[in-house]
Amino acid sequence: MENNAETYQDAPLSIDTATGQAAEAELSSERVKHIFATIAKKYERFNAISSFGSYKLWLAGMMRQADIQPSDNVIDIAGGTGDVTFSVARAKHPAHIQCTDLVDEMLDVARAHRQTGAGGDVPIDFEVVDAQDIPYGDASFDALTMAYGIRNMPKRQQALSEMYRVLKPGGSFTCLEFSTPPNPLWRGLYHFYLKHLIPFWGGLITGDRDGFVYLSKSIEAFPDQREFAKMLEEAGFADVQWKNYTGGIAAVHTARKPE
Ligand SMILES: C[S@@+](CC[C@H](N)C(=O)[O-])C[C@H]1O[C@@H](n2cnc3c(N)ncnc32)[C@H](O)[C@@H]1O
């Protein structure tokens with residue numbers, strides 16, 4: 001837990017997502033909009049690098065854990081270029097998916113994938129939505145998914161409360177995020193890799209070193225598995241559990257809004 005600048009009890013209402021320290025929300029929101037609007041077209045390559053090539057494996061794990069039924073209305077938060085949305089469509093075939101993101105340039109890539117057949121015959125709508133202020137009514141969705149989203153949000157507790165609000169009682173929450181390896185040796189190696197190699201390697205391949213520097217910092221500043229679970233409970237979620245992937249480099253948290 002040594003890297004986590006934020007704990008749910010003493011977390012300020014808004015933070016700098018690169019450091020975990022108190023800061024105006026605009027600082028992180030403007031940075032994140034700039035980063036994702038700039039890299040939207042090369043995001044999928046960026047994702048492959050930033051997840052160390054493991055994102056397919058982790059996404060498959062997320063799909064196995066997600067409790068989504070064919071009759072469900074699903075919301076994908078921070079859906080980006082649609083990876084999770086289209087995986088949910090393939091794996092679960094729900095009644096409808098609302099794919100949302102803060103950055104329209106990311107959704108444009110998702111819309112382009114959709115036009116070439118991604119998501120099959122599952123009805124999917126795309127909309128720009130800030131997860132910290134969701135423009136949908138209470139209890140609108142049966143299931144919520146989010147991958148690599150919450151780490152980029154400066155008002156995290158507010159965002160989790162919003163997600164809780166739009167879920168129906170009994171609704172499922174599934175979140176994939178970078179996390180903290182519990183084994184100190186593995187954690188040390190991983191943090192060395194994050195700090196020194198990822199910005200260099202990622203920058204070389206995509207030409208966007210700043211995005212990778214931000215990525216490394218935001219991962220180090222993000223709460224570990226247990227702290228994030230407590231944040232979910234603080235927002236009202238029950239049955240909070242997590243499963244680690246690649247020794248805790250990533251984790252999938254699942255939870256439920258009580259009936
Ligand atoms: C690393 S990408 C993940 C995209 C996608 N979920 C995936 O798995 O590939 C993070 C996404 O979070 C979005 N995002 C950041 N802050 C957000 C917010 N406050 N509300 C909604 N989306 C946000 C970004 O625009 C970006 O598309």
Side-chain angles (χ1 to χ4, degrees), residues 13-18 24-63 66 74-91 97-111 113 118-119 124 126-136 144-163 166 173-179 198 202 206 208 211-212 214-219 222 245 250-252:
L13 290 180
S14 89
I15 55 161
D16 174 349
T17 56
E24 291 296 318
E26 283 65 33
L27 172 85
S28 299
S29 294
E30 289 313 311
R31 178 177 53 213
V32 112
K33 277 189 204 162
H34 174 74
I35 289 175
F36 287 103
T38 310
I39 66 163
K41 291 210 171 77
K42 39 189 178 180
Y43 170 75
E44 279 149 4
R45 195 147 45 107
F46 183 99
N47 197 17
I49 299 166
S50 60
S51 70
F52 324 103
S54 300
Y55 75 106
K56 295 267 183 220
L57 186 81
W58 300 344
L59 187 57
M62 181 188 189
M63 290 304 112
V74 180
I75 181 167
D76 186 21
I77 294 283
T81 61
D83 228 4
V84 173
T85 288
F86 300 133
S87 297
V88 168
R90 266 195 311 275
I97 306 175
Q98 190 74 8
C99 178
T100 65
D101 197 277
L102 183 66
V103 175
D104 207 23
E105 287 86 345
M106 292 291 278
L107 291 177
D108 276 342
V109 178
R111 291 183 188 104
H113 289 322
I124 301 174
F126 300 90
E127 191 169 9
V128 172
V129 167
D130 183 345
Q132 302 162 127
D133 186 15
I134 302 178
Y136 307 133
L144 183 149
T145 55
M146 171 171 59
Y148 315 116
I150 190 73
R151 182 172 35 86
N152 296 300
M153 297 176 198
K155 294 188 269 182
R156 287 183 187 144
Q157 205 59 56
Q158 181 175 320
L160 295 176
S161 297
E162 278 290 88
M163 295 179 215
V166 298
F173 169 98
T174 313
C175 172
L176 167 61
E177 188 50 88
F178 286 108
S179 203
I198 270 282
T206 66
D208 193 331
F212 283 93
Y214 167 73
L215 175 82
S216 296
K217 286 187 173 173
S218 66
I219 291 174
F222 191 68
Y245 289 89
V252 173

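Numbering of ligands and ligand atoms starts at 1, following listing order.
- Each of M153, Q132, K33 was evaluated against L102; a single residue qualifies, K33, per the side-chain contact (heavy atoms from CB on, under 4.5 Å) test.
- Of the possible donor and acceptor atoms, none in the side chain of R151 sits under 3.5 Å from a partner among the backbone N and O of I219.
- Shortest contact from atom 21 (C) of ligand 1 to any protein heavy atom: V129 O, 3.3 Å.
- L176 does not count as a contact of ligand 1, since none of its heavy atoms falls under 4.0 Å from the ligand.
- Neither the backbone nor the side chain of M146 comes within 4.0 Å of ligand 1, counting heavy atoms alone.
- Around atom 8 (O) of ligand 1, the closest heavy atom drawn from A147, G149, G80 belongs to A147.
- Looking only at protein heavy atoms, the nearest one to atom 23 (C) of ligand 1 is L102 CB, 3.5 Å.
- Taking the six-membered ring where tryptophan is involved, the planes of H113 and F86 are perpendicular, since the angle between them exceeds 60° and thus also 30°.
- Judged by distance alone, the side chain of T81 and the main-chain N or O of M106 form no donor-acceptor pair under 3.5 Å.
- With values rounded to the nearest 0.5 angstrom, I77 atom CD1 is found 5.0 Å from L144 atom CG.
- Comment: D133 does not engage K155 in a salt bridge, judged by the lack of any side-chain N to carboxylate O separation of less than 4.0 angstrom.
- Scanning the protein heavy atoms around atom 10 (C) of ligand 1, the nearest turns out to be Y148 O, 3.3 Å.
- Looking only at heavy atoms of the protein, atom 7 (C) of ligand 1 is closest to Y43 OH, 3.5 Å.
- Scanning the protein for heavy atoms near atom 12 (O) of ligand 1, the closest one is A78 CB, 3.3 Å.
- Nearest to atom 25 (O) of ligand 1 by heavy-atom distance, out of D133, D101, T85, D104, is D101.
- Heavy atoms of T81 stay at 4.0 angstrom or farther from ligand 1.
- Rounded to the nearest 0.5 angstrom, I35 CD1 and L215 CG are separated by 9.0 Å.
- Atom CZ of residue F126 and atom CG of residue D101 lie 11.5 Å apart, to the nearest 0.5 angstrom.
- Counting only heavy atoms of the protein, atom 20 (N) of ligand 1 lies nearest to A131 N, 2.9 Å.
- Taking atom 19 (N) of ligand 1 as the reference point, the nearest protein heavy-atom neighbour is D130 OD1, 2.9 Å.
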